[in-house]
Trainee: 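My questions all concern the structure below.
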Amino acid sequence: MNIATQAAQIGLEWDTRTGAVTVPIYQTATFRHPGLGQSTGYDYSRSANPTRQALEDGMARLDGGVRGFAYSTGMAAITSLLFLFKSGDHLVVTEDLYGGTYRLFEQCLSRYGLTFTYVDSSDIEEVRKAIRPETRALFVESLTNPLLKVADIAALSALSKERGLLHIVDNTFLTPYLLRPLDLGADITLYSGTKYLSGHNDTLSGLVVVKEPALADKVYFHQNSIGAVLGPQDSWLTIRGIKTLSVRLDRQQENAQKIARWLTNHPLVKKVYYPGLEDHPGHELLKRQARGFGAMIAFEVTDPALVEPLLLKSSLISFAESLGGVESLITFPAVQTHADIEPEKRQRLGITDSLLRLSVGIENVDDLIADLAQAFSQEN
Ligand SMILES: *Cc1c(COP(=O)(O)O)cnc(C)c1O
């Protein structure tokens, strides 16, 4: 069945008792036992909650895994997953990583004896060279943040299998609608559900999908032990978001393609990073492995002095963190999302003082372009 159909109907058959078309919000902490040693399958909502489970089961189907897991945020999902490892283990990680993940790894988990090597995960040889005897996993972003580099998921999965590593993919920027890493050999996918899956800038959530049952059991053990689960209300909001994922992303990508081309021709723009442009280094690869190019754009302006006026004079496009929602947002990665990366490293990665990031929403594209045009023109 097509993924757009699956997404639209997520949770539809959940409530067989009443036939409710949408999943009820089971706002309960605990469940009555039918008898001694008996359970309805639900005992306590940290362990399992029906609304959360409808989301988890739906995500597992959308992403082609055996089991899904929902957490309070994307960071909670990543933290829970990292409990699969122990002191002394080493992970090879995408270098232009989401800033919050980098902070978690370097400032929190490194204190517990985990070590990380950061590489350009679009370069398979660089990944291969970073693998050590104590390496246990490859942790990659399918489309990186903010420079939108593309990782070859099938090649990285083959390398992981050859070296006995877990292959974990943060697929937040593409979602299962555009890319299904588990089909290409990855072991675990993860999402900040806060972004495209919820899609309305109104909910925080994190999602994980696991390919194999034995690994899923371990992930469940940690989800339940750590307890950073998604509440029933936010599970419901995330389900509601997923129902419109395909139409939102179709429109967002169409808008992004037009805006990227417009930016390319603007005299005050030095460089545009959008994988939908033919000259983007990941264009061909993404065309092969995914169903689209996503709706995130990064661009460098000719002068750092343009940044502040652009952020403040865009009016339809809000100056705000986050991404993936129906409303377009603009951010300045060097001082916002990526502030926890050392300045020299940021420069080397290309996260410069003149780089801006756009999350393209579902508004009318001509309105968005007019907004950018006026924000630029007031500077001329
Ligand atoms: C936002 C984001 C996260 C963290 O998710 P939260 O829901 O904000 O905790 C992780 N990875 C990527 C790629 C993100 O964009």
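What you see is a predicted model; the values in this text were computed from it and never measured. Atoms within each ligand, like the ligands themselves, are counted from 1 in listed order.
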Trainee: If we set the cut-off at 4.0 Å for heavy atoms, which region of Ser205 has an atom near ligand 1: side chain, backbone, both, or neither?
Mentor: backbone

Trainee: To the nearest 0.1 Å, how far is atom 9 (O) of ligand 1 from its closest protein heavy atom, and which atom is that?
Mentor: Met75 N, 2.8 Å

Trainee: For Thr203 and Asp234, which I'm curious about, is there any donor-acceptor pair between the side chains at under 3.5 Å?
Mentor: no

Trainee: Under a 4.0 Å threshold between the charged nitrogen and the carboxylate oxygen, would Arg128 count as salt-bridged to Glu125?
Mentor: yes

Trainee: To the nearest 0.1 Å, how far is atom 15 (O) of ligand 1 from its closest protein heavy atom, and which atom is that?
Mentor: Lys195 NZ, 2.8 Å

Trainee: Below 4.0 Å from ligand 1: does a non-hydrogen atom of Leu204 turn up there or not?
Mentor: no

Trainee: Is Arg261 paired with Glu278 through a side-chain N to carboxylate O contact shorter than 4.0 Å?
Mentor: yes

Trainee: Considering distance alone, does some N or O of Thr101 sit under 3.5 Å from an N or O of ligand 1?
Mentor: no

Trainee: Is there a heavy atom in Phe173 that sits closer than 4.0 Å to ligand 1?
Mentor: yes

Trainee: I need the atoms of ligand 1 closer than 4.0 Å to a non-hydrogen atom of Gly74, numbered in the order shown.
Mentor: 5 (O), 6 (P), 7 (O), 9 (O)

Trainee: How close does the nearest protein non-hydrogen atom get to atom 11 (N) of ligand 1, and which residue and atom is it?
Mentor: Asp170 OD2, 2.7 Å

Trainee: Which residue holds the protein heavy atom closest to atom 4 (C) of ligand 1, what is that atom called, and what is the gap in Å?
Mentor: Tyr98 CE2, 3.5 Å

Trainee: One pair to check against side-chain hydrogen bond (donor to acceptor under 3.5 Å, both in side chains): Asn171 and Tyr191. What are the steps and the verdict?
Mentor: CA-CA 6 Å; Asn171 194 32; Tyr191 300 88; 3.0 Å; yes

Trainee: How about NZ on Lys345, more than 12 heavy atoms from neighbouring residues, nucleotides or ligands closer than 6.0 Å, or not?
Mentor: yes

Trainee: Got more than 12 heavy atoms from elsewhere within 6.0 Å of CZ, Phe85?
Mentor: yes

Trainee: Test Leu358 against every option in Asn255, Leu323, Val272, Ile330 by the side chain to side chain contact (heavy atoms under 4.5 Å, CB included) rule and name the one that passes.
Mentor: Ile330

